[in-house]
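What you see is a predicted model, and the numbers here were worked out from it, not measured in a lab. Per chain, numbering begins at 1; letters A, B, ... match sequence-line order.
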Amino acid sequence: MKARWWLIAFVVVISGCASQSINLNYYLLHSPHSDNKAGQQPGYQLSLQKLVLPEYLKQRSLVMQTSPTTLHFSPQHVWAEPVQSGMIKALEDSLWQQHQILSVPAGLAQHNDALSSADVAIVVDDFLPTSDGQAVLRGKYWIMYADQSKTMHIFNLQRPLEEDGFDHAVLQMQQLVAELSGHIAGQLDLSDD
Amino acid sequence: MNEEAHIKPTSKLSKIWIIPFLVIIVGGWLIWYQWNNQGPMITIEMKSAAGIDVNKTPIKVRDLNIGQVKKIELKQDLEGVIVHARIDKGAAYLLTDKTQFWVVAPRISFSEVSGLNTLLSGAYIAMSAHDEGIETYHFIAQERPPVTPQGTPGLHLSLKSDDELAYKAGDPIIYKGFKVGEFEDSSFNIEERVVYYDAFIRAPYHKLITQNTRFWNVSGVKLNLESSGVKVETGSLETLLANGITFGIPEGVNSGEQITGNAFFTIYEDQTAAINARFKLAAEYLLLIDETVRGLKVGAPVEYRGIEIGEVRSINAGNVVEGSILEQDFPIPVVISIYPGKVRQDDSEIGLNLVKQTMQKWIAQDLRASLRMGNVLTGGLFVDLKHIKDHKPIPLETINGFDVIPTVSNEFTQLTQKADAILDKINQLPLDKLVGDIGTVITDLSEAAASVKTTADNFDTLVTEIDAEQLNGNLNEVLDDMSTLLQNYTEGGLSKSEIQETMDSLQDTLRSIQPLILQLNQKPNGLIFATGNEADIQPKAQKSGAN
């Protein structure tokens, strides 16, 4: 009888420790539904040599700015893939679909007379939704042409959050990446095309 | 019957005596006729009576018998024989003091082969046919046939030579390969110590002999190793076997008038000497040579800018400079001659003075002499006169009447001196010791080679002992294992990209754990006792009105 009471007490204690499981939401920065436009002839060849992200993006939790000095790492909303690989895919998709710029992996770019090419290195300072309802993407990038000339450009892209939630924020962040691709395409020397 | 003898007186002289009488008359007539028609008896002195027989040896003129040897007797002084010969009366008029007799017998020499027809017929005494002169019946025979028959058209010459007796009667005189004359006789003048020759040039070649004709020796083959190279001179085949001379007129000299009477000419050593003999005047200068004069010979050319203007007259002559070669730093005196005729000046005092004045001016300026090698093969030297730029002017020096031309060392001499210095150094090398050391090294090498050979033999033996088949099998097994290992590594191993992905994933996991660790630091039981009331903070939409 005494052992039965001990068993009941143990179950009660364990039940007190029980907690409800948290549902995780996974997000993709690039869109798997985008058209890769197979058969399209590239007008330019771009090799993304380097993409440097801020340290707070080098983890899976979605991050948002809660005050001018604080960030919040969401435990329930996480990236389905590292932000760096996702941003690269999104950027390459946007360059190809919208600007016919073929992005090739670093080291595989072949400079030839038939196709103009350049190398680009991007350093992202901030890429997150802010506390004042903006999605921010800012930083700078360098374009290195085949003749060894270099140009540096600073970008500060913002899109307002029209809806609450990470779903909308991630969509706006995708748009910011698309704007960044347009910014890069606008700076490339396409006169040779 | 009266038979009475009639006695008639007999004649005083029998008719039979007519026959002896007639015989006497005819015989006497014959004797008288013979006596009356026989020629004179002559005597001929000869060195010997070789080949001459009494009542057999004929005397011939142009191969016609005109007499016969009748008697031979010794001279009283025993230095010859006297041959008595009867000459036909019809040929008696040929017996003059200009008539010559000589014995024709087989004669073979370098210059002639004659008298072969007497091998069978026997020797005979030949007589020259000459009807001028005083009648005489005593003659002295020539030792050999006269070279030039009397009356032969041509020119008799007298030649002299400072050399030794080189030509004998019959030696040819050649002109452009033709034999145009011969030596007739030779004599030696004791006082002048010069050999004189009588020579004859046959017509019409005697017209070639003029005042400026020069004769020179062409005997045999003359090989001259001069500074200008190897020079071979020869005349004709006849002069190749015997001696001979030729003649000509130096280039650039007019021939002069033709010689018609007796004339004297000099026989020069060679053509060069004969040609140079045309220059009579020369300016002589003295060179004081500090170097060796080996290869420099008397007669060597003196050149100015490559043109021969003179020759070396004497080398180390004793009467030029006092002292001797035994003295240290004694310069060897070399006297050179510069001919005005060779520098296109008149061969006269005017041309000679012009040459001397020019040379004095040049010597005072920068004219220097050097000995240069004219021929590498022979090592013959010649004197080269040239202007040396940037050379200090030297006052003209005169020694014993000779103007001195300063000398400079030539490049070859400097090179030779350097070569000599190098050879001296080579000679000073301890070659004997080196050779000994090399011999030792070779011995050591031989021993080392023997050791290597022994080692190689041992190695061959070792290799032979190794079971190559088994070794190959082991190697194949090792290679198979390596291949399997590599295949396994390829199939199940991690590539570089996979390792990178693994590391990235690990880093990502660590970053995800980092907030949990921070939470556990703040709330250690948070891992077990979840709060459950944490709000899901998400981005908020921009407030309307805000930018």
Side-chain angles (χ1 to χ4, degrees), chain A residues 13-25 27 53 55-67 70-85 105 128-136 158-173, chain B residues 478-547:
Chain A
V13 170
I14 293 302
S15 300
C17 295
S19 60
Q20 187 178 358
S21 61
I22 299 174
N23 293 325
L24 295 177
N25 298 314
Y27 297 88
L53 295 178
E55 285 298 319
Y56 60 79
L57 291 180
K58 294 179 180 177
Q59 44 81 41
R60 290 300 181 93
S61 297
L62 266 66
V63 62
M64 62 171 290
Q65 187 181 26
T66 54
S67 73
T70 58
L71 296 179
H72 172 71
F73 292 86
S74 175
Q76 299 177 21
H77 305 277
V78 296
W79 293 107
E81 60 185 357
V83 179
Q84 183 159 11
S85 59
L128 77 172
T130 63
S131 58
D132 56 352
Q134 297 281 344
V136 175
Q158 295 181 355
R159 290 188 68 86
L161 298 178
E162 297 173 351
E163 297 178 6
D164 294 340
F166 276 109
D167 285 339
H168 180 69
V170 170
L171 289 175
Q172 294 303 318
M173 292 170 74
Chain B
V478 171
L479 290 175
D480 291 341
D481 294 342
M482 287 292 294
S483 178
T484 303
L485 178 62
L486 290 174
Q487 187 175 3
N488 293 336
Y489 177 78
T490 303
E491 293 176 351
L494 298 175
S495 64
K496 179 182 178 183
S497 60
E498 290 173 335
I499 292 174
Q500 184 66 36
E501 290 178 357
T502 303
M503 292 302 295
D504 292 342
S505 176
L506 180 60
Q507 193 172 13
D508 191 21
T509 303
L510 290 176
R511 282 172 179 156
S512 301
I513 294 175
Q514 189 175 15
L516 178 60
I517 295 174
L518 292 174
Q519 184 178 0
L520 289 176
N521 285 335
Q522 296 174 357
K523 190 178 180 181
N525 60 349
L527 186 62
I528 300 175
F529 302 104
T531 55
N533 55 355
E534 295 176 351
D536 182 16
I537 300 174
Q538 293 195 30
K540 298 296 185 182
Q542 189 177 24
K543 295 179 181 178
S544 60
N547 189 9

Indicate the atoms forming the closest heavy-atom contact of B:Q542 with A:P160, along with that distance.
-> OE1-CB, 2.9 Å
Note: A:V83 and A:L57 closest approach over all heavy atoms is CG2-O, 3.4 Å
Minimum side-chain heavy-atom gap A:L161-A:P129 below 4.5 Å = yes
Just jot down the side chain to side chain donor-acceptor pair (under 3.5 Å) partners of A:R159, sequence neighbours excluded, or say none.
-> A:Q172, A:E179
Looking at [options], which one has more heavy-atom pairs under 4.5 Å with chain B than the rest?
| options | result |
| --- | --- |
| A:H168, A:E163, A:Q158 | A:E163 |
| A:E162, A:Q59, A:M64, A:Q65 | A:M64 |
| A:A169, A:G133, A:S74 | A:G133 |

Heavy-atom proximity to chain B below 4.5 Å, by part of A:F166 | both
Side chain from CB out, backbone as N, CA, C, O: work out which of these in A:S61 comes under 4.5 Å of a heavy atom of chain B, or both, or neither.
-> neither
Only counting residues at least two apart or in another chain, list the ones meeting side chain to side chain contact (heavy atoms under 4.5 Å, CB included) with B:A541.
-> A:D164
